[in-house]
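This report refers to the structure that appears directly beneath it.
Predicted model only: the values in this text are computed from it and were never measured. Side-chain atoms are counted along with the backbone in the values below, which use heavy atoms only and exclude waters and symmetry mates.
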Amino acid sequence: MFEQSQIQEFKEAFGCIDQDRDGVIKKQDLKETYGQLGKLNVNDEELEEMLNEGKGPINFTVFLSLFGEKLNGTDPEETILAAFKLFDPNATGSINKDEFRRLLMNQADKFTGEEVDQAFAVAPIDVAGNLDYKSLCYIITHGDEKEDS
């Protein structure tokens, strides 16, 4: 399901979350990880909900399969491209990032400014402020090629 380099990255992530290094992610591990990231007000229900996705103890194998399920839920590249093309009537292959930001923050499932900034952090944006949505679609469906090197 994953390439060896991806598995190694997941191992590193698992190791960061498994705070007590016992090979199983528990509620306290999640709570401490969130605390390190600055989110101190995560409630027990949220944590229980996350843990219940594993349908049992979350060891590395379960952790990996959960990510596999989530990543395989991504829409096909053609579907994502078709959605972006709605914002590109002249078929230039890019859309203005400021206009796209406005749309993301004001339409449907409204994004926060922070969520848009996170999305734009991996998005290929040129010096003129245009987002290359074809490259972004590739990143969404295949991962960021820069991370592989």
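One finds the CG atom of Leu64 at 9.0 Å from the NZ atom of Lys11 (value rounded to the nearest 0.5 Å). Once rounded to the nearest 0.5 Å, the distance linking CD1 of Ile58 with CE of Met50 reads 10.0 Å. From Phe100, atom CZ reaches atom CG of Leu103 across 7.5 Å, with rounding to the nearest 0.5 Å.
Between the side chain of Asn59 and the backbone N or O of Gly23 there is no donor-acceptor pair closer than 3.5 Å. When atom types are taken as modelled, the side chain of Asp18 and the backbone of Asp22 share a donor-acceptor pair closer than 3.5 angstrom. Looking only at distances, a side-chain donor or acceptor of Asn52 sits under 3.5 Å from a matching main-chain atom of Glu48.
Contact check for Glu12 versus Gln8: side-chain heavy atoms found under the 4.5 Å cut-off. Here the side chains of Asp20 and Gln28 are not in contact, with every heavy-atom distance at 4.5 Å or above. Contact check for Asp44 versus Lys31: side-chain heavy atoms found under the 4.5 Å cut-off. Contact check for Gln19 versus Leu30: no side-chain heavy atoms found under the 4.5 Å cut-off.
Of all heavy-atom pairs spanning Tyr133 and Ser94, the tightest one is CE2-N, 3.4 Å.
In this structure, a donor-acceptor pair under 3.5 Å is absent between the side chains of Glu32 and Gln36.
Note on Asp88 versus Lys85: no salt bridge recorded, every NZ/NE/NH1/NH2 to OD/OE distance being 4.0 Å or above.
No path of Ile, Leu, Val, Met, Phe, Trp and Tyr side chains, each step under 4.5 Å between heavy atoms, connects Val24 with Phe67, placing them in separate hydrophobic clusters.
Between Phe10 and Phe14, the ring center distance fails the sub-6.0 Å criterion.
Across Leu131, Ile80, Ile125, Leu81, a single residue satisfies side chain to side chain contact (heavy atoms under 4.5 Å, CB included) together with Leu136, and that is Leu131.
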Given salt bridge (charged side-chain N to carboxylate O under 4.0 Å, His left out), test Lys26 with Asp29 step by step and report yes or no. CA-CA 5 Å; Lys26 294 177 291 306; Asp29 295 321; 3.8 Å; yes
